[in-house]
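Below is one structure; the comments refer to it alone.
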Amino acid sequence: MKNVLVTGGAGFIGSNFVRYLLRAEPDVRVINLDALTYAGSPENLKGLPDESRHIFVNGNIIDRALVEGIFRHHQIDTVVHFAAESHVDRSILGPEQFVQTNIVGTFTLLDVARQIWLNEGGFAPEGARFHHVSTDEVYGSLKPGEPAFSESTPYAPRSPYAASKASSDHLARAYATTYGLPVTITNCSNNYGPYQFPEKLIPLTILNAVRGKPLPIYGDGKQVRDWLYVEDHCEAIYRVLLNGKSGETYNVGGNNQPTNLEVVRQICRILDEVQPDSEFFPHDQLIQYVADRPGHDRRYDMNIEKIGSELGWEPRQSLETGLRLTIKWYLENPGWVEAISSRSDYQDWLEKNYAARGGQR
Ligand code: NAD
Ligand code: DAU
């Protein structure tokens, strides 16, 4: 691993991974390709461990000429592909961009890698690797009593987001099987931690609670998710890059399955403890039930035995310790919060989403 193309490296997990990799690999150069959509921001890349080994390219993964140019110019030997439209609610209100970025964009990256690494026998050494970052949502929704998702669980995506990610996973696997492209895939559960865009449940709850705004719970709040602290996800991807087998998929998760209501209450409890003088104490008084997400998946649960036994990875943070770190980060970074959440496109989205949920802002 010398010249690593990270796509979506100005987003939440991508920017955390860029930091992680620059720290973990002192000789690696990161070429960060990101279109800076609403979800990506240079704010997420301030104060990197070593700026001189980070090259930012503002561009779209669908732009084949640009991607080819980057592969050739920077002699890319490793791809870590995060770039995506990532928010389920947005995929319900506007699915087209999900098809473009998540499916066509992933195809473009895979096909350029095939052309340059395999057909032209370019500069990729033996160890070339295309790592595709995916989600547990491709497996669908678990009924009561059904076992956790394993790597062999059949795909059953239910939202436009999940369907677009499932499609990209199939393409990645097909390029491995058909052309022998050195592909690995990780399917991970819900991430949380520093730099997460505030549309997602955990940062939304933290930021609304400290401002005394309603904490929206979709439906009955008894949907179950598995939560993983973002740095643990970065470490899992890094281990797969180093020791994962080409052609293999690894499930990644946090070994916890709280309901959404429990997560929101847990955040409120920690805020009550760290801000006992808040005028919004107790913070769980702000909880507001709103209309459910259409097609809302009821339960996810991840079997992470494979990555544990083959690569020795397990999550370091529990949900409690990870939430404490996350709350601390959001409270200590008001400049980032202001820069990200004051954008008018985000405010417009909030209006639209809350209108769809029948809740108040
Ligand atoms: P994010 O929305 O925070 O960031 C996505 C990044 O991709 C942004 O910087 C955006 O500007 C960039 N991007 C979007 N479209 C692009 C395009 N066409 N060309 C170039 N760049 C583009 O997403 P995230 O939460 O960091 O998720 C990253 C990846 O991890 C995604 O593939 C997602 O499916 C996957 N994933 C996320 C989670 C989670 O809980 N957040 C869990 C499992 C898997
Ligand atoms: O499971 C992995 C996935 O996790 C990733 O692939 C996605 O990119 C990521 O966005 C995330 O998807 P979710 O839909 O699970 O995340 P979100 O934070 O939007 O919602 C988490 C749960 O909380 C979900 O059941 C919906 C619910 N929810 C969400 C919001 C924003 C609420 O009840 N209220 C809210 O305001």
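Note that ligands are numbered from 1 as they come in the structure, with each ligand's atoms numbered from 1 the same way.
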Exercise. Considering only non-hydrogen protein atoms, determine which one is nearest to atom 33 (C) of ligand 1 and report residue, atom name and distance to 0.1 Å.
Key: Y161 OH, 3.6 Å
Quiz item: Less than 3.5 Å between some nitrogen or oxygen of I61 and one of ligand 1, yes or no?
Solution: yes
Quiz item: Any chance CD of E305 has more than 12 other-residue heavy atoms, nucleotides or ligands included, within less than 6.0 Å?
Solution: no
Self-check item: Best match, N260, L261, V224, V88: closest heavy atom to atom 23 (O) of ligand 2
Solution: N260
Exercise. Going by heavy-atom distance to atom 19 (O) of ligand 2, choose the closest among E199, R225, R293.
Key: R293
Quiz item: Quick one: do the H132 and T184 side chains pair a donor with an acceptor below 3.5 Å?
Solution: no
Quiz item: What's the shortest distance from atom 21 (N) of ligand 1 to any protein heavy atom, and which residue and atom give it?
Solution: A35 N, 3.0 Å
Self-check item: Closest protein heavy atom to atom 43 (C) of ligand 1, given as residue, atom name and distance to 0.1 Å
Solution: C188 O, 3.3 Å
Quiz item: Taking everything shown except E314 itself, do over 12 heavy atoms lie less than 6.0 Å from its CD?
Solution: no
Self-check item: Heavy-atom check, side chain of F12 versus side chain of F82, under 4.5 Å
Solution: no
Quiz item: Is a salt bridge present between R23 and D50, judged by a nitrogen-to-oxygen distance below 4.0 Å?
Solution: no
Exercise. Just jot down the ligand 1 atoms closer than 4.0 angstrom to any heavy atom of G40, in number order.
Key: 8 (C), 9 (O), 11 (O)
Quiz item: What protein heavy atom is closest to atom 28 (C) of ligand 1, reported as residue, atom name and distance in Å?
Solution: F82 O, 3.5 Å
Practice problem: Give a yes/no verdict on a cation-pi contact between R357 and Y218, requiring under 6.0 Å between NZ or CZ and the six-membered ring centre and an angle within 45° of the axis. | Solution: yes
Practice problem: Please indicate whether any nitrogen or oxygen in N191 is less than 3.5 Å from any nitrogen or oxygen in ligand 1. | Solution: yes
Quiz item: Which residue supplies the protein heavy atom nearest to atom 42 (C) of ligand 1, what is that atom called, and how far is it?
Solution: S189 O, 3.2 Å
Quiz item: Does a salt bridge link D27 with K2, judged by any charged N lying under 4.0 Å from a carboxylate O?
Solution: no
Quiz item: Where is the nearest protein heavy atom to atom 36 (O) of ligand 2: which residue, which atom, and how far?
Solution: L204 CD2, 3.2 Å
Quiz item: Strictly by modelled atom types, are D297 and Y300 linked by a side-chain donor-acceptor pair under 3.5 Å?
Solution: yes
Quiz prompt | N or O contact, Y38 vs ligand 1, cut-off under 3.5 Å | solution = no
Exercise. Give a yes/no verdict on whether any heavy atom in G9 is under 4.0 Å from an atom of ligand 1.
Key: no
Quiz item: Does A10 have a non-hydrogen atom less than 4.0 Å from ligand 1?
Solution: yes
Quiz item: Hey, which atoms in ligand 1 end up nearer than 4.0 Å to a heavy atom of G59?
Solution: 19 (N), 20 (C)
Quiz item: Just checking, R90 and Y38: is the charged tip under 6.0 Å from the six-membered ring centre and within 45° of the axis?
Solution: yes
Practice problem: Report yes or no: do N260 and Q223 form a side-chain donor-acceptor pair below 3.5 Å? | Solution: yes
Quiz item: Of all the heavy atoms in T7, does at least one lie under 4.0 Å from an atom in ligand 1?
Solution: no
Quiz item: Side chains of W227 and N191: do they bring a donor and an acceptor to under 3.5 Å?
Solution: no
Quiz prompt | Per-atom contacts of ligand 1 with N190, taking only distances under 4.0 Å to non-hydrogen atoms | solution = 40 (O)
Quiz item: Would you call E235 and R316 a salt bridge, using N to O less than 4.0 angstrom?
Solution: yes
Quiz item: Within less than 4.0 angstrom of ligand 2, does H296 place any heavy atom?
Solution: yes
Self-check item: Salt bridge flag under 4.0 Å for residues K222 and D220
Solution: no
Quiz prompt | ligand 1 contact by L36, heavy-atom criterion under 4.0 angstrom | solution = yes
Self-check item: Which of the ligand 2 atoms, numbered from 1, are nearer than 4.0 Å to a heavy atom of D136
Solution: 1 (O), 2 (C)
Self-check item: Those atoms of ligand 2 less than 4.0 Å from some heavy atom in K200
Solution: 10 (O), 18 (O)
Practice problem: Output the list of atoms in ligand 2 that are nearer than 4.0 Å to some heavy atom of P216, sorted by atom number. | Solution: 32 (C), 33 (O), 34 (N), 35 (C), 36 (O)
Quiz item: Does a side-chain heavy-atom distance below 4.5 Å link Y250 with I304?
Solution: no
Quiz item: Quick check: does L33 get an N/O under 3.5 Å from an N/O on ligand 1?
Solution: no
Practice problem: Could you find the nearest protein heavy atom to atom 44 (C) of ligand 1 and give me its residue, atom name and distance? | Solution: S134 O, 3.1 Å
Quiz item: What do we get for S41 next to ligand 1 when only non-hydrogen atoms under 4.0 Å count, side chain, backbone, both or neither?
Solution: neither
Quiz prompt | Under-4.0 Å salt bridge between R114 and D111 | solution = yes
Exercise. Look at atom 5 (C) of ligand 2 and find which of Y161, Y289, Y218 reaches it with the closest heavy atom.
Key: Y161
Quiz item: Is the gap between the ring centers of W117 and F71 under 6.0 Å?
Solution: yes
Practice problem: Under 4.0 Å, heavy atoms only, figure out whether ligand 1 is touched by the backbone of F17, its side chain, both or neither. | Solution: neither
Exercise. Please say whether more than 12 non-hydrogen atoms of neighbouring residues, nucleotides or ligands are located less than 6.0 Å from NZ in K200.
Key: yes
Exercise. Evaluate whether atom CD of E231 has more than 12 neighbouring non-hydrogen atoms of other residues, nucleotides or ligands under 6.0 angstrom away.
Key: no
Exercise. Look at atom 18 (O) of ligand 2 and say which protein heavy atom is nearest, naming residue and atom and giving the distance to 0.1 Å.
Key: L201 N, 2.8 Å
Exercise. Measure the distance from atom 12 (O) of ligand 2 to every protein heavy atom, then report the residue, atom name and distance (to 0.1 Å) of the closest one.
Key: E137 OE2, 3.0 Å
Quiz item: What atoms of ligand 2 come closer than 4.0 angstrom to any heavy atom of I217?
Solution: 33 (O)
Self-check item: From the candidates V133, I13, D34, T101, the one that places a heavy atom nearest atom 16 (C) of ligand 1
Solution: T101
Quiz item: Evaluating non-hydrogen atoms only, which member of S189, S86, P203 is closest to atom 10 (O) of ligand 2?
Solution: S86
Quiz item: For atom 15 (O) of ligand 2, which of I202, L350, D220, N190 has the closest heavy atom?
Solution: N190
Practice problem: Scan side-chain atoms only and decide if N303 and S150 contain a donor-acceptor pair under the 3.5 Å cut-off. | Solution: no
Quiz prompt | T135 neighbourhood, listing ligand 2 atoms whose heavy-atom distance to it stays under 4.0 Å | solution = 1 (O), 2 (C), 3 (C), 5 (C), 6 (O)
Quiz item: Side chain, backbone, both or neither: which part of K165 comes within less than 4.0 Å of ligand 1 when only heavy atoms are counted?
Solution: side chain
Quiz prompt | Modelled atom types, side-chain donor and acceptor of H74 and N3, under 3.5 Å | solution = no
Exercise. State whether the shortest distance between N or O atoms of N60 and N or O atoms of ligand 1 falls below 3.5 angstrom.
Key: yes
Quiz item: Nearest to atom 5 (C) of ligand 1, what protein heavy atom do you find, and at what distance?
Solution: A84 O, 3.5 Å
Quiz item: Considering only heavy atoms, does D136 approach ligand 1 within less than 4.0 Å through its side chain, its backbone, both, or neither?
Solution: neither
Quiz item: So, S164 and S167: side-chain donor and acceptor under 3.5 Å apart, yes or no?
Solution: no
Quiz prompt | Nearest non-hydrogen protein atom, atom 1 (P) of ligand 1 | solution = S86 OG, 3.6 Å
Quiz item: What atoms in ligand 2 come closer than 4.0 Å to a heavy atom of H87?
Solution: 19 (O)
Exercise. List the steps, then state whether ring-ring contact (aromatic ring centres under 6.0 Å, His included) holds for F197 with H87.
Key: CA-CA 10 Å; F197 194 81; H87 194 36; 8.5 Å; no
